[in-house]
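The structure displayed is predicted, hence computed values, not measured ones. Position 1 is the first residue of the sequence, and the numbers go up from there.
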Amino acid sequence: MPETTVHYQDYSELKRLIKESGRDYDTQLIEAAYQLAEEAHGDQRRVSGVPYILHPTSVACILVQLGMDTESVVAALLHDVVEDTDITLDEITKKFGSEIAHLVDGVTKLKKIPYSSREVQQAENIRKMLIAMSDDIRVIIIKLADRLHNMRTIECMKEQKRRDKALENMEVYAPIAHRLGIRTVKEEMEDLSLRYLDPVGYKEIEDALSLTRNDREKFIEKIKAEITAKAEKFVKSLYIEGRVKSINGIYRKTFMKGKSLEQIYDIFAVRVIVESLSDCYNVLGIVHDIYTPLPNRFKDYISTPKPNMYQSLHTTVIGKEGIPFEIQIRTWEMHYTAEYGIAAHWKYKLGISKKDNMDQKTQWIRKMLENQSDDETDIISNIKTDLASEEVFIFTPRGDVLNLPMGSTVIDVAYAIHSEVGNRMIGAKVDNKIMPIDHQVRTGEIIEILTSKETAGPKRDWLNKVKSSEARSKIKSWFKKECREENIERGKAETDKVFKHNGIILSDAEREDFLSELMKKSFTTVDDFYASIGYGGILMWKLIPRMKELYNKKYKIQEKADELLSVEIRKPSSKSSSGVIVEGVDDMLINLARCCNPIRGDEIIGYITRGSGVSVHKRSCKNVICNIDNPENAERWVKAHWSCEALKSESYQTTIEITATDRTGLIADLSNALSSMHIYINSFSSSESKNGIASIRFTITVGSMDHLKVIFSRILNVYGVQSVERI
């Protein structure tokens, strides 16, 4: 079988899996859906050249393996026909009913609707999907299967496309799979995504696990024998298996938390599955009798289940060999839920059917929709924080358990109890001790919120202290309702500040027209826009790129921008000592444009500015591309080239961006590499590491393009560097 078809399953494979499942599927309805999908997709092919119909059949196979019902399998077969063929949703409704049409519609993306940016479109797709999920949780299970199959077959896509999809999986879909408890999908999706986000780190861990496989298997077999020998007298029907932590799970603890493989105690675990709840605790006692338990490494997720329904006993022990390892103990019902999460209710019929009340298990979806702010893209950051795999569990004085994202403060606790408790909070007790309200809570703490009816409400700086989207949304809601006039004034002041900082100069009439277009009907009046900025519903820094783009397009300021972006090198005649010759120009200043920082070897062009001489740009500069065809300024563009007689000592500033695996000492190694080549570093900056990938920018002084190429080759030899490019 060719490599490109390894992860594709056809309709015959789907029928085989349905037959082997032993479940009661409506095969006639599934057959009708397949026939429609096959006819609709026709000769369509995937990027790899594989017939398109193999994608929906593969997604349907994943759903059968998860144990999903007939309607889910039918919707999987039809999930792309509305988006990619002439079939309409009305036709789906007529042929297969409103239930299946609703599932198909929930999975269908909104590609045909124009949005202001890719981020806004992505956020709107996710918002629509969450709305559909709140009505029927099967929507997201189908979407997760679709995403998983796309990741299995994504090697044919371009590198940047693979990275974009992988990052979206890590930020959105894997957290949702985690929240639904579908471990099998979550871990495979994370591992496949990591493979494209950090291929070097992925391969390093994969090789390390491969080298220790034989020793690990022997060790697990020994442990299984020891537990079985002692437990079989007291516990019936004992089943024991070994488990290796996912590659992404190991990556998070090694590359992102600086631990070595030897410091990860749960890199492999032994899982003990028993028949009853009492047997779980009996086995725990037996395990602690055989091995020495590590202090503070016992977790009882049976009495306090995770929000995704996960239940199990976890204990870390040390064997006679001195090797620490984790043991998980659970019943079969807990095991099904741990592997398949909410999908287990279809696969194993664990006490409820698809029509039964699932409100408690899906309440988080509605809460996430309620917490959405005026800024569409906030929904993505809410998923990243609220559905993160790391959570804390705290107790109220009444014994209620609250789960919150890691890093939450007592303010988050107050608003998790009730919005009025948060609004009236004046302090908090943690384990009966007064603590500041920005205290970050830890698992097991008992939190008591102190309130007063006399309080004036929340403080604005609380928005910078809370972690959960629920708390942030409730604080913003209070300011939105109680302080409209103050919000409008704050919003105006913030807008004025941003306009001034970015050189946006408008008359009162132009300002209102400009803001109306910027708002794009999101608000009824400009005051509503100001108020939203004032209470934090919209973050101005997110609007700045769109604001600049609109201003440059609507008001012609290119000439002024050229003058501001240019820097005088020194006063030349027709030939500058910067090594640039401008044809037909005499006794004028020649400036290198700071928007593109041309260096010797770049193809260049000149632009005559008023009062500032000639501004020299790279031919590929976006300011040149956007304006060179403007007939009003045609006579200002002049030919320019580098002088052949220029001195070797001439130098130019340029900025480079380095993408590398984040690690301790990375910046020091990069600086040493530049210093060893006698490169002067003018400045540098770095952005926050995402998924273990760091981005560092250096502004350096170089002699020419050839010089820069040598520098690039040296930097690429630094450990962990993935790419380097000129900005």
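Judged by distance alone, the side chain of R23 and the main-chain N or O of V64 form a donor-acceptor pair under 3.5 Å. D279 places no side-chain N or O within donor-acceptor distance of the main-chain N or O of V235, the cut-off being under 3.5 Å. Using modelled atom types, no side-chain atom of D300 and backbone atom of L313 make a donor-acceptor pair closer than 3.5 Å. Checking side-chain atoms of R271 against main-chain N and O of Q328 turns up no donor-acceptor pair under 3.5 Å. The main-chain N or O of E155 is found under 3.5 Å from a side-chain atom of R162 such that the two form a donor-acceptor pair.
A salt bridge is defined here as a Lys NZ or Arg NE, NH1 or NH2 lying under 4.0 Å from an Asp or Glu carboxylate O, and K143 with D146 meets this definition. Of the charged side-chain nitrogens involved, at least one lies within less than 4.0 Å of a carboxylate oxygen, so that E221 and K224 count as a salt-bridged pair.
Proximity of Y25 to L17: side-chain heavy atoms (C-beta onward) are nowhere separated by under 4.5 Å. Looking only at side-chain heavy atoms (C-beta outward), N248 and E187 stay at 4.5 Å or farther from each other. Residues H439 and V430 meet the side-chain proximity criterion, which asks for heavy atoms closer than 4.5 Å. Put simply, the side chain of I30 does not reach to within 4.5 Å of the side chain of D26, judged on heavy atoms. Proximity of Y415 to R472: side-chain heavy atoms (C-beta onward) are nowhere separated by under 4.5 Å. In this structure, L209 and I250 have side chains that are in contact, with non-hydrogen atoms separated by less than 4.5 Å. A heavy-atom distance below 4.5 Å is found between the side chains of I434 and L450.
The heavy-atom pair separating V185 from L144 by the smallest distance is CG1-CB, 4.2 Å. For the residue pair A75 and I142, the shortest heavy atom distance occurs at CB-CD1, 3.7 Å. L294 and P324 get closest at one heavy-atom pair: CD1-CB, 4.2 Å. Listed here is the closest heavy atom pair of K465 and T409: O-CG2, 3.1 Å. When all heavy atoms are compared, the tightest approach of L402 to I417 is CD1-CG1, 3.9 Å. Here the closest heavy-atom approach between residue A660 and residue V721 is recorded as CB-CA, 3.7 Å.
Under the ring pair (Phe, Tyr, Trp, His ring centres under 6.0 Å) criterion, H79 pairs with H55, not counting sequence neighbours. K429 meets the salt bridge (charged side-chain N to carboxylate O under 4.0 Å, His left out) test with no other residue; sequence neighbours excluded. For K299, there are no salt bridge (charged side-chain N to carboxylate O under 4.0 Å, His left out) partners two or more places apart in sequence or in a different chain. The side chain to side chain donor-acceptor pair (under 3.5 Å) check on Y310 picks up H314, R330, with sequence neighbours excluded.
Atom OG1 of T228 and atom CD1 of I240 lie 3.5 Å apart (nearest 0.5 Å). The OH atom of Y196 sits 15.0 Å away from the CG atom of L167 when rounded to the nearest 0.5 Å. Atom CG of residue D412 and atom CD1 of residue I394 lie 10.0 Å apart, to the nearest 0.5 angstrom. The structure places NZ of K306 at 11.5 Å from CZ of R179, a figure rounded to the nearest 0.5 Å. The OG1 atom of T70 lies 10.0 Å from the CD atom of E99; values are rounded to the nearest 0.5 Å. Summarising the geometry, atom CG belonging to N169 is positioned 12.5 Å from atom NZ belonging to K186; distances are rounded to the nearest 0.5 Å.
D10 and S12 share a donor-acceptor pair across their side chains, judged by distance under 3.5 Å alone.
Legend: salt bridge (charged side-chain N to carboxylate O under 4.0 Å, His left out) pairs involving residues 192-203, not counting sequence neighbours, sorted by first then second residue: K203-D207. Sorted by first and then second residue, the ring-ring contact (aromatic ring centres under 6.0 Å, His included) pairs with a member in residues 201-222 read F219-F268, F219-F325; sequence neighbours excluded.
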Exercise. Please assess K467 against Q440 for the test side chain to side chain contact (heavy atoms under 4.5 Å, CB included), listing each intermediate value before the final yes or no.
Key: CA-CA 10 Å; K467 181 75 173 178; Q440 290 192 1; over 6 Å; no

Exercise. Could you give me the CA-CA distance, side-chain angles and deciding distance for I447 and M435, then say whether side chain to side chain contact (heavy atoms under 4.5 Å, CB included) is met?
Key: CA-CA 10 Å; I447 313 293; M435 297 293 281; over 6 Å; no

Quiz item: What do the steps show when you test L194 against M170 for side chain to side chain contact (heavy atoms under 4.5 Å, CB included), and what is the final call?
Solution: CA-CA 8 Å; L194 178 64; M170 286 293 201; 3.9 Å; yes

Self-check item: K474/E470 under salt bridge (Lys or Arg N to Asp or Glu O under 4.0 Å): CA gap, chis, key distance, verdict
Solution: CA-CA 6 Å; K474 288 179 177 178; E470 181 180 10; 3.0 Å; yes

Self-check item: Check against side chain to side chain contact (heavy atoms under 4.5 Å, CB included), H7 and S58
Solution: CA-CA 8 Å; H7 296 296; S58 299; over 6 Å; no

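Within a 6.0 Å radius of CZ in R442, no more than 12 heavy atoms belonging to other residues, nucleotides or ligands are found.
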